[in-house]
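So that the names make sense, note that chain A is the first sequence line, chain B the second, and so on, each numbered from 1.
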Number of protein chains: 2
Amino acid sequence: MDRRIEKSRQAIMDAFTKLMLEKDFEKITINEIAELANVNRGTVYSHYVDIFDLLNQCIENHINKLFETCQSRGNTTDISCKDSLGRTFTYLEKHAFFYSKMLTSKSATAFRNRLHALMVKSVEEQLALSSLTKDVNQEIMVQYFASATIGVVEWWVTHSMPYPAEYMAEQLLSLMERYQNMRT
Amino acid sequence: MDRRIEKSRQAIMDAFTKLMLEKDFEKITINEIAELANVNRGTVYSHYVDIFDLLNQCIENHINKLFETCQSRGNTTDISCKDSLGRTFTYLEKHAFFYSKMLTSKSATAFRNRLHALMVKSVEEQLALSSLTKDVNQEIMVQYFASATIGVVEWWVTHSMPYPAEYMAEQLLSLMERYQNMRT
DNA sequence: TTTGTTTTGTTTATTAAGCAACAGTTGAGG
DNA sequence: CCTCAACTGTTGCTTAATAAACAAAACAAA
């Protein structure tokens with residue numbers, strides 16, 4: 001890809017993220033973003049239709065990075081392994097400021113929904129691998145696990161991370177294992 | 001000015017300066033610079049005719065910054081004031097790694113000559129303000145002071161700054177003042 | 001010396017980013 | 001209510017930057 005595109009996008013995203021951290025989304029203007037990104041205003045419009053599109057793509061990027069972090073290293077898509085969970089919580093801890101802002105701002109729903117959707121997809125993939133088709137409704141189970149996980153993460157981040165990432169990973173893993181034991 | 005030009009120049013200069021610090025000038029290639037600057041190779045050539053031009057402009061930029069630092073704040077062009085000298089040595093201390101490299105590398109002459117030329121010009125301006133036209137040859141005096149100052153600076157930088165910047169400023173000021181007392 | 005690799009400049013056509021100007025919205029304050 | 005200022009999208013034209021390809025030169029190793 002043309003490196004100019006990459007550079008412009010990066011500059012705009014960085015500027016937007018930075019502004020999100022220091023003020024409300026509603027107060028952010030395209031002018032500000034362009035100025036901070038050191039990019040012409042028109043360039044912003046050539047990449048994003050409006051500021052909502054920008055927000056969505058920003059969310060998309062960050063969540064993708066989160067999931068990459070979660071899945072990388074081990075080629076197995078196994079989310080419930082300790083290593084994977086640990087890295088995820090550490091990543092969240094590092095970017096806690098951003099995620100906290102995202103989850104508490106007025107535009108939080110967009111972020112939360114996107115996160116939930118991706119988690120649902122991830123859990124579905126997990127279940128597809130495991131060979132259980134008992135008397136439990138798969139669809140409901142997926143919602144159950146996704147919501148449970150997201151809920152824990154959201155609570156942890158928005159409550160100033162009262163426990164260390166390592167501990168959180170252990171606890172969540174323990175909860176997941178408890179289910180697996182139930183199954184057998 | 002078009003912000004693209006500014007950005008490209010900055011990226012190229014930064015990359016070049018960075019490479020100068022970690023390897024010999026002779027070993028640096030245009031390819032490397034373009035890659036590190038994240039810029040097309042052709043862009044480098046559109047701003048600089050070759051790597052020597054790049055070196056010269058790099059030198060020019062750094063020396064200009066040095067002199068700006070030296071002259072800023074006090075609108076008076078008085079180099080020999082304590083404040084001004086202090087700032088200059090502090091600046092040199094901060095960028096010592098770069099200046100040391102510049103003054104010891106094989107391409108040092110270019111840098112040294114440019115520095116000397118600018119110092120000569122500066123001293124000339126100083127003398128033009130002061131109303132002394134005694135029995136001393138002005139041209140020689142200019143060379144004398146310029147060389148003296150540069151010599152001290154060069155020695156200080158290339159010898160790992162054996163004294164703090166503050167102290168150097170004091171000492172040099174003292175030497176300058178001694179001359180002024182002689183004059184009266 | 002010969003061979004293969006890398007670097008150097010230069011050129012081409014294509015495209016992203018630049019600036020400026022515009023009319024239409026919005027929003028806060030007098 | 002009205003005004004003024006700032007912001008929003010959009011447009012037309014210009015220009016810097018891009019990728020790709022090239023021959024010539026420099027270079028290292030066989």
Query raised in the report: When the ring centroid of B/Phe111 is compared with that of B/Tyr99, is the distance short of 6.0 Å?
Result: yes
Query raised in the report: When the ring planes of A/Phe16 and A/Phe25 are compared, do they come out parallel, tilted or perpendicular, using 30° and 60° as the limits?
Result: perpendicular
Requested in this report: Please determine, by modelled atom types, if A/Asn56 and A/Glu60 share a side-chain donor-acceptor pair under 3.5 angstrom.
Outcome: no
Report summary line: Whole-Å distance, B/Tyr45 OH to D/dA19 P, equals 16 Å
Query raised in the report: Per the atom types in the model, does the base of C/dA17 pair as donor or acceptor with the side chain of B/Arg4 at under 3.5 Å?
Result: yes
Requested in this report: Grab the CG-P distance between A/Asp50 and C/dT26 for me, whole Å please.
Outcome: 14 Å
Query raised in the report: Can a donor-acceptor pair under 3.5 Å be found between the side-chain atoms of B/Asn40 and the base atoms of D/dA19?
Result: yes
Report task. For the residue pair A/Asp14 and A/Gln10, confirm or rule out a side-chain donor-acceptor distance under 3.5 Å. Result -> yes
Report task. To the nearest Å, give me how far apart CD1 (A/Ile28) and P (C/dT26) are. Result -> 20 Å
Report task. Assign B/Arg41 to base, sugar-phosphate, or nothing according to its heavy-atom contacts below 4.0 angstrom with the strands shown. Result -> base
Query raised in the report: Just checking A/Val49: base, sugar-phosphate only, or nothing, at a heavy-atom cut-off of under 4.0 Å?
Result: nothing
Query raised in the report: When all nucleic acid strands are considered with a 4.0 Å heavy-atom cut-off, which category describes B/Lys7: base, sugar-phosphate, or nothing?
Result: sugar-phosphate
Query - Pairing partner of C/dG29 (Watson-Crick or G-U wobble, both distances under 3.5 Å) - result: D/dC2
